[in-house]
Amino acid sequence: MKEGAKSDAELAAAVAEADETALEELYDRYGSTVMGLALRILADPGAAEEVVQETFWRVWQRASAYRPERGVFAGWLLRITRNLAIDILRREKIRPPVAESDPAGGAWELQPDPAADVPEAVAALHDAGMIRAALAALPSEQRKVLELAYFRGLTRQEIAAAIAAPLGTVHTRARLGLEKLRQALAEEIV
Amino acid sequence: MSTDESIHDLLPLYALGALDEADRVRVETYLEANPHARAKILEYEAAADELGHAAEPVTPPARIKRAVLSRVRRDAGARRPSMPVREKPSFFSARGRFPAAFAWMPTALSIAALLVALAAGLWGLTLRAEVAALQTQNAALARELENQREVLAQINVPGVRVLAIQGTEARPGATGRLIAAPDEREAVLIVRGLAVLDPDHTYQVWLIDDQSPKPAGFLSIDEAGSGVVVLTAAIPLESFQAVGVSIEPQGGSQAPTGEIVLLGEITY
């Protein structure tokens with residue numbers, strides 16, 4: 001974040017007061033992250049673009065519902081994105097392949113927008129790289145459970161069927177995966 | 001899923017959004033009563049949220065940003081002249097369209113009339129049974145009056161809006177109004193045109209967000225099919241997308257199981 005720039009929480013509070021310049025600032029910070037996530041889930045650029053538009057529209061309408069004490073703004077934002085994209089997946093009953101065989105990168109090229117904020121884009125790439133590295137460091141069976149749940153929107157029963165394992169195994173892998181991911185990212189930040 | 005331990009097994013999958021409706025309701029019910037589990041779920045959610053960053057960022061085409069900002073600016077222009085405080089007169093000017101909403105107004109007078117009747121009963125000395133019955137009625141009316149004071153307090157909150165709720169195909173003649181301020185956790189739901197249910201069933205109200213319907217209270221109706229209920233939510237009303245009313249077994253359900261008779265979008 002640039003020196004003197006407003007925090008995400010401050011911008012969200014301004015959006016709640018109908019400040020459209022604050023929403024534009026948040027779009028510049030997170031538009032590419034939101035698009036990347038929607039594209040990863042849907043594998044359809046047109047549908048992903050719709051999700052981007054709807055995500056920021058919901059931020060505009062519901063910014064006052066964001067509670068900083070419950071987590072960072074980016075988490076709240078990406079949860080909206082993920083829910084919208086998974087809803088489309090479930091509604092259309094499509095299950096695009098997850099890029100699990102390539103955890104370090106997706107199939108989509110970064111297409112810079114000349115008007116985009118370059119330092120913010122670089123920061124987003126750094127975050128993505130760090131988190132992908134933490135994800136890639138997980139045992140593959142734990143990573144697979146997290147990916148099937150988060151990026152494919154499968155329920156625990158569907159995951160158990162997909163990996164041909166008992167529900168208890170799914171529970172354990174999800175718990176261990178999340179705990180290791182949290183630990184790895186905490187160490188990275190420290 | 002009968003023990004705390006097994007519900008704890010579901011917390012990571014809840015954070016990952018990998019539970020079906022029934023599991024999700026069970027976990028949310030458990031979370032409401034267990035602060036320790038709520039703290040744990042925040043940890044899991046924080047880790048799950050990081051997965052969203054694992055996707056490679058892709059800059060959307062510039063036209064997407066233009067479309068977002070254009071829509072937002074149109075909305076901002078439309079919202080500014082009529083921000084919260086100005087909404088109140090519009091509600092009161094519209095109240096003539098909802099006479100049923102104000103049917104409780106004569107209640108205080110009814111209570112006074114009952115008290116007069118009560119005094120007459122005491123004079124007669126032989127009407128002790130009737131007095132007891134009237135006292136019961138009086139207590140019920142006093143509770144109703146208190147409830148309606150609560151309703152009046154709610155609809156006088158600054159920024160209150162009135163949202164239309166429509167009957168579904170199951171009950172096309174039903175209508176309703178949700179009276180709520182976006183940042184409040186309470187709202188008033190007024191309905192008309194519902195059918196009187198058998199004693200084994202009740203009307204249950206739901207507030208629906210991105211995840212699932214949340215139980216928001218029970219709705220009692222009179223013989224004419226009208227009713228008023230104060231809804232209480234755990235989070236501000238603007239966090240929800242819709243409100244609905246379904247027919248459930250007496251005692252209510254954790255998630256809608258019966259026919260949905262009223263449904264309306266919550267927009268501000």
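Because the structure is predicted, anything quoted here is derived from the model rather than measured. Chain naming here is simple, since letters A, B, ... match the order of the sequence lines and numbering starts at 1 in each.
Between B:Tyr30 and B:His8, the two ring planes are perpendicular [angle over 60°; tilted spans 30° to 60°].
If you measure heavy-atom distances from B:Glu21 to chain A, you find no contacts under 4.5 Å at all. Only the side chain of A:Leu181 has a heavy atom closer than 4.5 Å to any heavy atom of chain B. A:Leu78 touches chain B through its side chain: at least one heavy atom from C-beta onward sits under 4.5 Å away, while N, CA, C and O do not. For a residue to count as touching a neighbouring chain, one of its non-hydrogen atoms must lie under 4.5 Å from one of that chain's; by this rule B:Ala48 touches chain A with backbone and side chain alike. For A:Glu50, no part lies near chain B; criterion is any non-hydrogen pair under 4.5 Å. Both the backbone and the side chain of B:Ile64 come within less than 4.5 Å of a heavy atom of chain A.
Between A:Ile86 and A:Phe151 there is no side-chain heavy-atom pair separated by less than 4.5 Å.
For A:Arg182, the salt bridge (Lys or Arg N to Asp or Glu O under 4.0 Å) criterion is met by B:Glu43, not counting sequence neighbours. Residues satisfying the salt bridge (Lys or Arg N to Asp or Glu O under 4.0 Å) criterion with A:Glu49, sequence neighbours excluded, are B:Arg63.
Between B:Glu248 and B:Tyr203, the side chains place no donor N or O within less than 3.5 Å of an acceptor N or O (distance only, hydrogens not considered).
Minimum interatomic distance between B:Trp206 and B:Ser253 (heavy atoms only, all atoms of both residues): CH2-O, 3.2 Å.
Ranked by heavy-atom pairs under 4.5 Å with chain B, the first of A:Arg175, A:Arg67, A:Arg58, A:Arg79 is A:Arg79. With respect to chain A, the highest number of heavy-atom pairs below 4.5 Å among B:Leu19, B:Leu69, B:Val68, B:Leu51 belongs to B:Leu51.
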